[in-house]
Amino acid sequence: MTLAPLLRADPIIQIHAIAAMLALGIAVMMFALPRGTPLHKRMGRVWVASMAVTAISSFGIWGFRLIGPFSPIHLLSAYVLYGLIGAVRAARQGRIAEHQAIMKSIVFWGLIVAGAFTFIPGRIMFSVVSGG
């Protein structure tokens with residue numbers, strides 16, 4: 001494992017990767033800790049911000065283009081942004097089951113599925129974990 005490929009990457013990719021790793025770490029903690037507590041709410045705000053930065057920064061990454069500068073991953077980014085708004089709104093309105101469902105969906109699609117694509121050979125995160 002080496003951080004060299006990430007450190008050589010464009011700043012937008014570095015921002016994207018750091019925000020995504022922060023969001024992943026917080027997501028793991030959020031699933032392990034009690035829900036509805038002041039800590040959960042504070043961590044949730046940081047998680048929402050980190051996911052928003054992750055999604056927004058993805059629109060500046062065009063390594064895999066299918067439709068102009070965009071790829072199917074950018075659809076996930078749009079979904080994440082839409083979902084974040086809906087999940088926060090649901091939590092504020094006391095619709096906790098809806099909030100939980102949206103957040104779990106964002107973690108799955110926005111972190112796990114999209115994250116899995118970053119480990120395809122030839123991509124920066126593949127080079128980070130493979131050491132080359």
Side-chain angles (χ1 to χ4, degrees):
M1 185 167 162
T2 178
L3 289 177
L6 186 56
L7 296 174
R8 287 190 306 265
D10 290 335
I12 193 74
I13 293 172
Q14 294 173 352
I15 291 166
H16 180 78
I18 290 166
M21 288 185 273
L22 175 63
L24 182 60
I26 293 172
V28 169
M29 292 190 306
M30 294 290 279
F31 284 120
L33 295 172
R35 283 142 181 86
T37 65
L39 177 61
H40 175 88
K41 292 174 184 177
R42 282 192 303 273
M43 289 176 60
R45 287 182 183 101
V46 176
W47 186 83
V48 166
S50 64
M51 284 301 296
V53 169
T54 301
I56 292 167
S57 63
S58 77
F59 291 105
I61 301 170
W62 304 304
F64 179 70
R65 301 171 187 220
L66 279 184
I67 304 167
F70 302 109
S71 73
I73 294 294
H74 293 108
L75 290 174
L76 285 176
S77 296
Y79 167 76
V80 166
L81 292 171
Y82 179 78
L84 290 173
I85 292 166
V88 169
R89 183 178 295 138
R92 287 185 177 168
Q93 294 175 350
R95 299 188 325 265
I96 303 306
E98 180 182 346
H99 167 77
Q100 289 175 335
I102 295 169
M103 289 301 200
K104 288 176 183 176
S105 179
I106 292 170
V107 168
F108 178 74
W109 291 105
L111 284 175
I112 297 171
V113 172
F117 284 106
T118 68
F119 295 100
I120 294 172
R123 309 249 0 234
I124 290 172
M125 293 310 289
F126 176 82
S127 297
V128 167
V129 296
S130 69

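Because the structure is a prediction, the values reported are computed rather than measured.
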For a 4.5 angstrom cut-off between non-hydrogen side-chain atoms, does Val128 reach Met125?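 A side-chain contact under 4.5 Å exists here.
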Could you tell me if the side chain of Trp47 sits less than 4.5 Å from the side chain of His40, heavy atoms only?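 SC-SC contact between His40 and Trp47 ruled out.
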Acceptor/donor pairs from residues 9-36 side chains to any protein atom, 3.5 angstrom cut, sequence neighbours excluded:
from	atom 1	to	atom 2	distance (Å)
Gln14	NE2	Leu6	O	3.0
Gln14	NE2	Leu7	O	2.9
Gln14	NE2	Ala9	O	3.2
His16	ND1	Thr54	O	2.8
His16	ND1	Ser57	OG	2.9
Arg35	NH1	Leu33	O	3.3

Could you give the distance from [atom1] ([X]) to [atom2] ([Y]), rounded to the nearest 0.5 Å?
X	Y	atom1	atom2	value
Met51	Ser77	CE	OG	8.5 Å
Met103	Glu98	CE	CD	11.0 Å
Ile102	Gln100	CD1	CD	11.0 Å

Under 3.5 Å, which donor-acceptor pairs do the side chains of residues 79-89 form with other protein atoms, sequence neighbours left out?
from	atom 1	to	atom 2	distance (Å)
Tyr79	OH	Ser105	OG	2.3

Considering only distance and modelled atom types, tabulate donor-acceptor pairs under 3.5 Å from the side chains of residues 112-122, sequence neighbours left out.
from	atom 1	to	atom 2	distance (Å)
Thr118	OG1	Gly115	O	2.6

Side-chain donor/acceptor of His74 to backbone N/O of Trp62, under 3.5 Å: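 Not confirmed, His74 side chain does not pair with Trp62 backbone.
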Does Ile73 share a hydrophobic cluster with Trp109, counting links as ILVMFWY side-chain heavy atoms below 4.5 Å and allowing steps through other members?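 Yes; tracing contacts between hydrophobic side chains, which count when under 4.5 Å, links both residues.
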